[in-house]
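Below: one structure, written as structure tokens.
These numbers come from a predicted model, not from an experiment. So you know, we letter chains A, B, ... as the sequences are listed, proteins then strands, and number each from 1. Only this structure's heavy atoms are used, side chains among them; waters, hydrogens and symmetry mates stay out.
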There are 2 protein chains.
Amino acid sequence: MAVTIKDVARLAGVSASSVCRTLADPGAVLPGTREQVEKAVRELGYYPNRAARGLSTGRTGNLGVVLPDLANPFFASVVKAAQTQARRLDYAVFLSDIDEDPAVETMLIRALAKQVDGFLLCSPRSSDDELRAFAGHTPIVLLNRRIGPFPSVTVDAADGMRQALTHLHALGHRRVAYVAGPRSSWSNRERLRGLRSVAGTLGVDLVEVGNVPPTVEGGVSIADVVLASTVTAVLAYNDLTALGLLNRFHARSVAVPGDISVIGFDGILLSALVSPALTTIAVEMDRIGRVGVDLLLETMTDPGRTPIRRVLPAQLIVRASTGPARPS
Amino acid sequence: MAVTIKDVARLAGVSASSVCRTLADPGAVLPGTREQVEKAVRELGYYPNRAARGLSTGRTGNLGVVLPDLANPFFASVVKAAQTQARRLDYAVFLSDIDEDPAVETMLIRALAKQVDGFLLCSPRSSDDELRAFAGHTPIVLLNRRIGPFPSVTVDAADGMRQALTHLHALGHRRVAYVAGPRSSWSNRERLRGLRSVAGTLGVDLVEVGNVPPTVEGGVSIADVVLASTVTAVLAYNDLTALGLLNRFHARSVAVPGDISVIGFDGILLSALVSPALTTIAVEMDRIGRVGVDLLLETMTDPGRTPIRRVLPAQLIVRASTGPARPS
DNA sequence: TTGAAAGCGCTACCAA
DNA sequence: TTGGTAGCGCTTTCAA
């Protein structure tokens, strides 16, 4: 059997209360008591059972992180940063990959709710209403999504799209495709919104294709549609999709950027390594995770406050996959 | 306040015991009782508090997954599969990224031990002795590492290396470098061991360089050393490292495979997307995660049994990054 | 078949 | 400053 607080108390010759106190606030007991307890703790290798502690304090010391797909490097990076920050603040992390399935998402949130002090929902795929149903119960911070009552960390996608389209426009592109990601993705809608507005301003024809899954396969599957749309450049929902495009273009001997320019979104490591290297709209993935956790803790501390919405910058990184428009 | 079993009991007009029974084994109560309880559960949206349940049953329903670096797609894939399988079997997953730091690893295991029913340690970086100290306490399954008392899931690295080196030998390579990964990595030692033995048999000169971190940066940082070693081919600890090599070779205008052939290990998605596409020794990442969880559950069920060690195959995938040896 | 009671490990309150 | 006690939510005897 595992060593409990009673074992420590017995060995130290004090009550469980005193052990508890020593652990919580060593200054609150006599130095002698403290010594005894600390010695016993060391000898027995005692670690408190946090689940039991949670029962009495109402604070579990756990955070729930829910995300659509861990195989997407973007989410992996965000979660890594979130996990690291959580550990720094002495929280453990429950991880749930929902495989892009909204139903799994709401189920999981309900099931985990009592085991965590709060949730970090990365790009949640559920509807606004489903999400709102959780508001008020457990503290929730949204990553990559902004809706009514929740604190959130998002990216200035509109500005990113502005940079990208301005870049393409300067290179002479006048007809540009956007490969849409999942319909349930708020980011997708945001990116599209930003794009439409800038396209209008710049006088660029915007051709929307998709939706596709936010994966390499998604990009591969839509590449031929993009080519058929007679554009000279294409913006993809994210880097993975863009890589899928590059891949299929290469297979069909379509030159990038000679025949068509390609831009991704996220700035995952991979985007710098393919060739041609991918021009992309980069976001600070680790910062999203870190800030998300910070926000969540603030929310837990002070649930009543007005939800904070942090918007992080997006930055166009120009690489080899974009060039002058092919003369038409 | 969250809804508890008492609330359900009150609404259903039965005792807490009956609610509990209904949930555990609906056949054990009268149909009428069951109806009442199920109705109350539905109306209240009751979900049992698993932490509290764990306190009385001694079974938490949680699994701990510890890994060196979530930003490495190999681990991300393994964890994704593990998480999915765990959920299928109704377990939640505690995730801990230790950032390649052995000290963090042992700390975390101790701290989490009471909150989980077992651990999945992915490529643990701690020493054999440190690890053995945990044996007998909490059930542990090792991934990518084989030591005494633990069940494990590993990859037949020696066979993978045999395939790779045979391939290179057939292409005329007689002097080959190996870029070593982290010293604390058991996989690294295994790969090296396999390589040495095959190199001896084939009469291939093996040049060992490194160690480097198992990242793209690690590969970049060692690329020039590899070139200076006058080999015609290089095997890297893993795909990320290999990608780093490719990257730096490209920057120095060293042709792959014209001047030097490159082989990675793992078979991450990325390896297929770079150009030249990377020849690699692929392993079934999702199977590692899935089998790991299955093994862990078996171990939890029957702690006394002889530890099972599953060895999964490795398969050479030949792509564009390997070709005939440059005549010397 | 059901309910009452005890207890899982821990914390927090109240007296002493 | 300390120890006893009650209680967190749930399960599991044990009687009824």
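- B:Lys114 has its NZ atom 9 Å from the P atom of C:dG9, to the nearest Å.
- A:Arg125 is listed as a side-chain neighbour of A:Ile98, based on a closest heavy-atom distance under 4.5 Å.
- Along DNA chain C, the nucleotide nearest to B:Ser15 and the one nearest to B:Leu55 differ in position, and the one closer to the 5' end is contacted by B:Ser15.
- Across all their heavy atoms, A:Leu67 and A:Leu70 have their closest contact at CD1-CD1, 3.6 Å.
- Nucleic acid contact for A:Ser17: base, since at least one base atom lies under 4.0 Å from a heavy atom of the residue.
- If you check every strand for non-hydrogen atoms under 4.0 Å, B:Arg50 touches nothing.
- Listed by residue number, the members of residues 25-37 of chain B with any heavy atom below 4.0 angstrom from DNA chain D form an empty set.
- Checked options A:Ile308, A:Val141, A:Asp117, A:Asp294; the residue passing with A:Thr299 is A:Val141 (criterion: side chain to side chain contact (heavy atoms under 4.5 Å, CB included)).
- B:Asn49 has its CG atom 14 Å from the C1' atom of C:dG9, to the nearest Å.
- Counting to the nearest Å, the P atom of D:dG9 and the CG atom of B:Leu23 are 16 Å from each other.
- Within the 4.0 Å cut-off from OP1 or OP2 of C:dG9, not a single side-chain nitrogen or oxygen of A:Tyr47 is found.
- Note on B:Val19: nothing from the nucleic acid sits closer than 4.0 angstrom, heavy atoms only.
- Contact record, A:Arg146 with A:Ser152: CG-OG, 3.4 Å, taken as the closest heavy-atom pair.
- Counting to the nearest Å, the P atom of C:dC10 and the CZ atom of A:Arg59 are 16 Å from each other.
- Note that OG1 of B:Thr154 and CG of B:Leu143 are 9.5 Å apart. Values are rounded to the nearest 0.5 Å.
- Rounded to whole Å, the distance from OH on B:Tyr46 to C1' on D:dG9 is 7 Å.
- Of all the heavy atoms in B:Glu100 and B:Pro182, the pair that sits closest is OE1-CG, 4.3 Å.
- Residue B:Lys6 contributes atom NZ, which lies 14 Å from atom C1' of C:dG3 at whole-angstrom precision.
- One finds the CG atom of B:Asp286 at 7.5 Å from the OG atom of B:Ser77 (value rounded to the nearest 0.5 Å).
- Comparing A:Ser56 and A:Ala16, the nucleotide of DNA chain D nearest to each residue sits closer to the 5' end for A:Ala16.
- In this structure, A:Arg53 places its CZ atom 16 Å from C1' of C:dC8, rounding to the nearest Å.
- Taking atom CZ on B:Arg21 and atom P on D:dT11, their separation rounds to 11 Å, with Å as the unit.
- An OP1 or OP2 oxygen of C:dG3 is reached within less than 4.0 angstrom by a side-chain nitrogen or oxygen of B:Ser18.
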